[in-house]
2 protein chains.
Amino acid sequence: MTETIEAFLGRGRKATINDVARLAGVSKKTVSRVINNSPSVHARTRDDIAEIITRVGFRPDPQARGLAFRRALLIGLIYDNPNAQYIVNMQMGALDRLRGSGIELVVHPCTWHSETFLSELRDFLESQRPSGVIVLPPIAEDRQLLDLLEELNVPRVRVTARTSGDGNAAIGREIVSCDDIGCAEAGAHVAGLGHRRIGYIGGNPDYPSAHVRRHGFETGLAAHGAAIAPDLDEPGNYSFESGYAAARRLLRRPDRPTAIICANDEMAAGAYKAAFEADLRIPGDLTLIGFDDAPIADRLSPPLTTVRLPTRDMARMAADLLVSRPATADQTMTVPSALIVRGSSGAPKAGL
Amino acid sequence: MTETIEAFLGRGRKATINDVARLAGVSKKTVSRVINNSPSVHARTRDDIAEIITRVGFRPDPQARGLAFRRALLIGLIYDNPNAQYIVNMQMGALDRLRGSGIELVVHPCTWHSETFLSELRDFLESQRPSGVIVLPPIAEDRQLLDLLEELNVPRVRVTARTSGDGNAAIGREIVSCDDIGCAEAGAHVAGLGHRRIGYIGGNPDYPSAHVRRHGFETGLAAHGAAIAPDLDEPGNYSFESGYAAARRLLRRPDRPTAIICANDEMAAGAYKAAFEADLRIPGDLTLIGFDDAPIADRLSPPLTTVRLPTRDMARMAADLLVSRPATADQTMTVPSALIVRGSSGAPKAGL
DNA sequence: TAGCTTTATGACACCGGTTACCATATTATA
DNA sequence: TATAATATGGTAACCGGTGTCATAAAGCTA
């Protein structure tokens, strides 16, 4: 039978829906129904067609489907700060879900606050008409972007630090976020080790994540009767340089902290640099805590105690929301963060 | 006139080639010629049509074009080891070139040597029919993958460490590679600082890059009458762990090296860890050299002296080869590497 | 068994472009 | 001037699917 089919198709030609229809003795519309899992196909017919589909190795053309659907079988991944280390993780997570679904992931880094950022995105959305987009932080908070997605009616899932229930939830539909449990654990860990002179290097206050993380750390500290020292509370913006600068300021103080909690790993790496230059040993002279569990965390020496943000899981869930849920449903999912204790945290030296 | 057009199109409807043709009073075929820069259109006609196209904001539907062309307006980026830090750079580079071209980048990480790796790729290539693919190292060396691309006649550009002129050039057509000048500079740098007990942690010998880099380093050392000490020549596989393990072995030797050159930054980071644990100061007790100029290089303390591989440029050129060159031309491009001197290299202590 | 739903299927137009082929207008050559 | 060559534009078919709507077949009720 295989020879017949090959002869039928011709050498090297790929099977189309028409071929399947003719072989099955049905109309192409019925084959289309089978492809799209329409319930109104007789079980017998469906099985016959399915059998032929596998036999001839038919796979519907995404271009043609996209044209007819008026929606490309693509998911766009939109983000700024393309150099952030979590981007690759997020890509992997989304692809974990998309693999085998026939939907491809197209990456769309952009430059937030550039003049062309919105128009470029509009170009992409209008011409490609992706089936959906995943928007990563921090740009997931951009109001104009959300308005654009709303205007063009693009299914979307935002990944953000904002916990459910706050005001922002109304803006977009689907949101995947992360809780602050890991931060609380980290705060408890530091306080439990006996630290009392505790510094903090905060994230960019424009991003909700900065507040969520701080809140988590403070909660954990408070549970052990500790707190961020008001005079050791430094601003940062999530960059390596800002972490370095803030740590330098902290370590130059006469009454310097015995522990510094950083709102992300990049800034913690900056703090390593400041400690290195000040000839302070980690964790002997200084305990450091980060957030993200970025690849760099366990490359540092000693490896960094940090809070793991399950970026890959979050992106996988985001893709899942887009692919499997009805577009109308409002969905919010929250994943847990967790403390990872490594070598950068220890008890303060006696007398400090 | 604008009102007329809006009325003509109807509220919110996007202009199609038919609209443009009707407004211009020509056939859609003529408009199609203009879109595709066909020479056989009267200059006057062309300008008229172009003017209308911009006025109504017409952008041809990539799905429809792809369907007719039998080739999606997509470029696939194929790579394994998705966690490598250069991946994001490569993505950015390819997008630098693709932006505004109407071609999207779809990412396709895969697991080399998994059983399904080739079939998954075939699925992608056969069903999506991308306009081309860029294959990143190390998988760019996979023979079966190249055969598959050849069989399916997919335009491709490989990014690889292999320099032009060697045997492998015959396998694929377009290749973007990097020279080993930076490695030679690094070798000269280390030798010039006065080091003579020089250790080496090599890359995975299965990858051509390992040989190219070693060759470059050795050349630079030799120019100053130095060489890798035969008893300090350790194998590695580009991973952090392998770098750590190799460095530990080197540093435990009674006659330990005063400098270690590593075939990439990840392994150099592992060497930092080994040095930290052995309580050796960098660069006072030990000079370390890396390769890649990965993000981690200047996050380490002290920042790592390394060889910059212009990953972003390479990917931009690869995309350019796919987009602008005739598919038949055999192209090979080579970009320069360069030494970046930072804080991890210094003169050996007297007496060592 | 007639009459009415419900279910399964097919005919046909359509998504928005492109190519093949043909018709016509214009220019070049003898 | 007649004729061939060239430039340009039009028509129809096609790429490979999906939507709408009509209709045939089957199931249910009375």
Side-chain angles (χ1 to χ4, degrees), chain A residues 9-10 12-50 52-53 56-74 102-103 126-131, chain B residues 9-10 12-50 52-53 56-74 102-103 126-131:
Chain A
L9 283 176
R13 198 166 69 74
K14 271 175 46 190
T16 73
I17 198 172
N18 292 301
D19 301 320
V20 176
R22 235 172 312 165
L23 283 169
V26 299
S27 76
K28 56 196 283 199
K29 180 63 205 178
T30 301
V31 179
S32 169
R33 288 200 176 92
V34 172
I35 296 170
N36 294 289
N37 296 314
S38 161
S40 63
V41 179
H42 192 88
R44 175 67 187 277
T45 315
R46 174 166 29 77
D47 294 347
D48 285 356
I49 294 176
I52 290 178
I53 285 179
V56 301
F58 166 70
R59 268 196 321 276
D61 184 333
Q63 305 272 314
R65 296 227 297 167
L67 181 56
F69 280 141
R70 316 174 94 176
R71 193 126 271 195
L73 297 175
L74 304 171
I103 295 180
E126 284 191 337
S127 69
Q128 295 287 344
R129 288 200 234 72
S131 299
Chain B
L9 283 176
R13 197 166 69 75
K14 271 175 47 188
T16 74
I17 198 174
N18 293 301
D19 301 319
V20 175
R22 236 174 311 165
L23 283 168
V26 298
S27 76
K28 55 196 283 197
K29 174 58 197 170
T30 304
V31 180
S32 171
R33 285 201 177 96
V34 173
I35 296 171
N36 294 291
N37 297 314
S38 161
S40 62
V41 179
H42 195 284
R44 175 66 187 278
T45 315
R46 174 168 27 77
D47 295 344
D48 284 356
I49 293 176
I52 289 178
I53 285 178
V56 303
F58 167 69
R59 269 196 320 276
D61 184 333
Q63 307 272 314
R65 297 228 296 167
L67 181 56
F69 281 141
R70 316 173 97 168
R71 190 127 271 197
L73 297 175
L74 265 30
I103 296 180
E126 283 191 337
S127 70
Q128 296 286 343
R129 288 200 235 72
S131 299

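Labels below follow one simple rule: chain letters A, B, ... track the order of the sequence lines, proteins then strands, and each chain is numbered from 1. Small disclaimer: the values here were computed from a predicted structure and weren't measured.
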Hey, what do you get for [atom1] ([X]) to [atom2] ([Y]), rounding to the nearest 0.5 Å?
| X | Y | atom1 | atom2 | result |
| --- | --- | --- | --- | --- |
| A:Lys28 | A:Ile35 | NZ | CD1 | 10.5 Å |
| A:Leu23 | A:Asn18 | CG | CG | 11.0 Å |
| A:Asp19 | A:Phe58 | CG | CZ | 8.5 Å |

Closest heavy-atom pair and its distance - [X], [Y]:
| X | Y | result |
| --- | --- | --- |
| A:Ile17 | A:Ser32 | CD1-N, 3.7 Å |
| A:Arg33 | A:Val41 | CB-CG2, 3.6 Å |
| B:Ala72 | A:Gln63 | CB-NE2, 2.8 Å |
| B:Ser131 | B:Leu73 | OG-CA, 3.7 Å |
| B:Leu67 | A:Ala64 | CD1-CB, 3.8 Å |
| B:Lys14 | A:Arg129 | NZ-NH2, 3.9 Å |

Using a 4.0 Å cut-off on heavy atoms, which residues in residues 64-71 of chain A reach DNA chain C? List them by number, or say none. A:Leu67, A:Ala68, A:Arg70
B:Leu74 vs B:Ile103, side chain to side chain contact (heavy atoms under 4.5 Å, CB included): CA-CA, chis, key distance, verdict: CA-CA 5 Å; B:Leu74 265 30; B:Ile103 296 180; 5.6 Å; no
Mind checking if A:Val26 touches a base, just sugar-phosphate, or nothing, with heavy atoms under 4.0 Å? sugar-phosphate
Give the rounded distance in Å between these two atoms: [atom1] of [X] and [atom2] of [N].
| X | N | atom1 | atom2 | answer |
| --- | --- | --- | --- | --- |
| B:His42 | D:dT6 | NE2 | P | 18 Å |
| B:Arg44 | D:dG9 | CZ | P | 12 Å |
| B:Gln128 | D:dG17 | CD | P | 13 Å |
| B:Gln63 | D:dC15 | CD | C1' | 13 Å |
| B:Arg46 | D:dG9 | CZ | C1' | 15 Å |
| B:Lys29 | D:dC14 | NZ | C1' | 13 Å |

Are A:Arg65 and A:Asn36 close enough that a side-chain donor and a side-chain acceptor fall under 3.5 Å? yes
What is the bend of the helix from C:dT1-D:dA30 to C:dA30-D:dT1 when you compare the axis at one end with the axis at the other, using five pairs each and rounding to 10°? 30°
Start and end of the DNA chain C segment that chain A contacts, any atom under 4.0 Å from a heavy atom: C:dA8 to C:dG16
Using the closest heavy atom to pick a nucleotide of DNA chain D for each, name whichever of A:Arg33 or A:Ile17 lands nearer the 5' end.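 Mapping each residue to its closest nucleotide by heavy atoms, the 5'-most match is A:Ile17.
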Start at the 5' end of DNA chain D and walk down; is the nucleotide closest to B:Arg129 or to B:Pro39 reached first?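 Taking each residue's closest nucleotide, the earlier one in sequence belongs to B:Pro39.
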So, OP1 or OP2 of [N]: does either fall under 4.0 Å of a side-chain N or O from [X]?
| X | N | answer |
| --- | --- | --- |
| A:Thr16 | D:dG16 | no |
| B:Thr45 | D:dG9 | yes |
| B:Thr30 | D:dG10 | yes |

Would you say the base of D:dG16 and the side-chain of A:Lys28 have a donor-acceptor pair closer than 3.5 Å? no
Do the side chain of B:Asp47 and the main chain of B:Arg44 share a donor and acceptor less than 3.5 angstrom apart?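 No.
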